[in-house]
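Here is the structure we will look at.
When reading the values below, keep in mind they use all heavy atoms of this one structure, side chains included, and skip hydrogens, waters and symmetry mates. For clarity, every value in this text was computed on a predicted model and none was experimentally measured.
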There are 2 protein chains.
Amino acid sequence: MAQNTAIKVNETSRSAVGRDGVLDIAARLFREQGYGSVSLRKIAEAAGIKAGSIYYHFGSKDEIVAAVLDAGIRVVHENMRDAVTDLRADADGETVLRAAIRAHLRALIDVSDYTSANVRIFGQVPQSVRDANLPTRRAYEAEWDSLLSQLKKDGTLKQDVDIRRLRLMLIGTLNATLDWFDPDRGSADALSRTYADVFLNGILQRQDT
Amino acid sequence: MAQNTAIKVNETSRSAVGRDGVLDIAARLFREQGYGSVSLRKIAEAAGIKAGSIYYHFGSKDEIVAAVLDAGIRVVHENMRDAVTDLRADADGETVLRAAIRAHLRALIDVSDYTSANVRIFGQVPQSVRDANLPTRRAYEAEWDSLLSQLKKDGTLKQDVDIRRLRLMLIGTLNATLDWFDPDRGSADALSRTYADVFLNGILQRQDT
DNA sequence: ACACCTAACTAACGCCTGTTAGGGTAATAA
DNA sequence: TTATTACCCTAACAGGCGTTAGTTAGGTGT
């Protein structure tokens, strides 16, 4: 019979993918194909179950995509905050900013289908789902604003930078990476270094030195 | 023959929106709602005709969206090239780059539903449609690479910048603006100045001077 | 042995989709 | 006048969608 799959997962029932399994697969498909192209039947098939069975775990497609979006922000938020707090207490401003940029980019590219799915499909989901995701987003944005404000206060950044604009520009730039990044052409870490170099020092050849 | 025909049709025919009218409306709807949410019936209704009638002008939905994507790149390409060639011949490198950034951002925000639709929906359309748009994109990318290479050669830019990466970063940053830009909070021109300031000089407070 | 819970199944519902075939009508060209 | 062209309409098709109701099988606790 079909018991070969049963032995693989022995802690729970024979092949149960469960709520988390469905969510993982949904996040991957959303990241790969966008929101509109991923039907519940596609998710179900990838999970090895039937479409109707999804409704045991979720009340609607919106509920699935909302869960994916929220998890996406939470992951990148935790990654970014941990990367900053893990630094030595005497780390200078530049080091802190570089760590934050690196953590965001890694969450996008290396760590999480949830985070990359969030960036890719946020603009495609129904308004109500976007709205439900807003509080989580706002919390992450506040983390960045707090960090950037600190860097401005301690003199690391120029005094005329607009925190909100800078944050939108930074995150926008990092997120845009998803549209073209190819791991065969370079690592996420190397790219994050390039990003930081440009943002911190600019691309203009300087007369001084 | 064909000339007064065109005039009379425009003035007297009862409702004829024509191919261009359908395309304009499609571009606007794609920009506002994304690819998947815009059906042929929605486009038809906004144009004041019935869904089946669209097939008089276009062979398929893919053909419509492909036309929108191509026009979007062509517009921003022309805008950017014109902005650069309109400069005085003795304009310095920094001025040229600022003009190019400004032109791209204006095409995105102020000028064309086609360009903003392109940026918004490119990642949502079928692979075949994306592929059809690639040559047009490549031509625009080549325009940027040529400009940036020139700036590197004449010493405006640092000698260690990677042209391709810089171009991807620049266009990615500019395009990401669409996700949050609100004309009530500032003009596209003012924003393009901020962008140029950051890219050219960085955000770090400098010790010198 | 019993009931209970979990996690799946089947089958269908109404709706929307892109697309097609065939028909109509007003304006122009011969 | 007649023929032609440009533009749009109606009506339907097959297929995919999210969703629901009712059912079934295995694991667990008593």
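Side chain A:R41 to base D:dG18: a donor-acceptor pair is found below 3.5 Å.
For the pair B:I49 CD1 and C:dT25 P, the computed distance is 19 Å after rounding to whole Å. The distance between atom CG of A:L23 and atom C1' of C:dA7, rounded to the nearest whole Å, is 17 Å. Taking atom CD of residue B:Q33 and atom P of nucleotide C:dT17, one finds them 11 Å apart after rounding to whole Å. A straight line from CD1 of A:I54 to C1' of C:dT10 spans 15 Å, rounded to a whole angstrom. Spacing between atom NZ of B:K42 and atom P of C:dT17 amounts to 7 Å, rounded to whole angstrom units. Atom-to-atom, OH of B:Y55 to P of D:dA12 comes out at 19 Å; the value is rounded to the nearest Å. Rounded to whole Å, the distance from CD on B:E45 to C1' on D:dC8 is 16 Å.
In the set C:dT19, C:dA7, D:dC8, C:dT19 carries the atom at the smallest distance from any side-chain atom of B:L40.
Both tests pass for A:K61 against the ring of A:Y35: distance under 6.0 Å to the centre and angle within 45° of the axis.
Judged by distance alone, with hydrogens and angles left aside, the side-chain atoms of B:N118 form no donor-acceptor pair with the main-chain N or O of B:G72 at under 3.5 Å.
Toward the 5' end of DNA chain D, the nearer of the two residues A:S37 and B:K50, judged by each one's closest nucleotide, is B:K50. Mapped onto DNA chain D by nearest heavy atom, A:S39 and A:G59 fall at different nucleotides, with A:S39 at the one closer to the 5' end. Of the residues near DNA chain C, A:S53 and B:V38, the one whose nearest nucleotide (by heavy atom distance) lies more toward the 5' end is A:S53.
Heavy atoms of A:K61 sit under 4.0 angstrom from primed sugar atoms or phosphate atoms, though from no base atom.
Counted by atom type alone, B:D189 and B:S187 present zero donor-acceptor pairs between their side chains at under 3.5 Å.
Proximity of the aromatic rings of B:H104 and B:Y140 is defined here by a centroid distance below 6.0 angstrom, and this criterion is met.
Here A:H57 does not reach the OP1 or OP2 of C:dT6: none of its side-chain N or O atoms lies under 4.0 Å away. Distances shorter than 4.0 Å separate some side-chain N or O of B:Y56 from OP1 or OP2 on D:dC7.
Within a 6.0 Å sphere centred on CD of B:E32, other residues, nucleotides and ligands contribute more than 12 heavy atoms.
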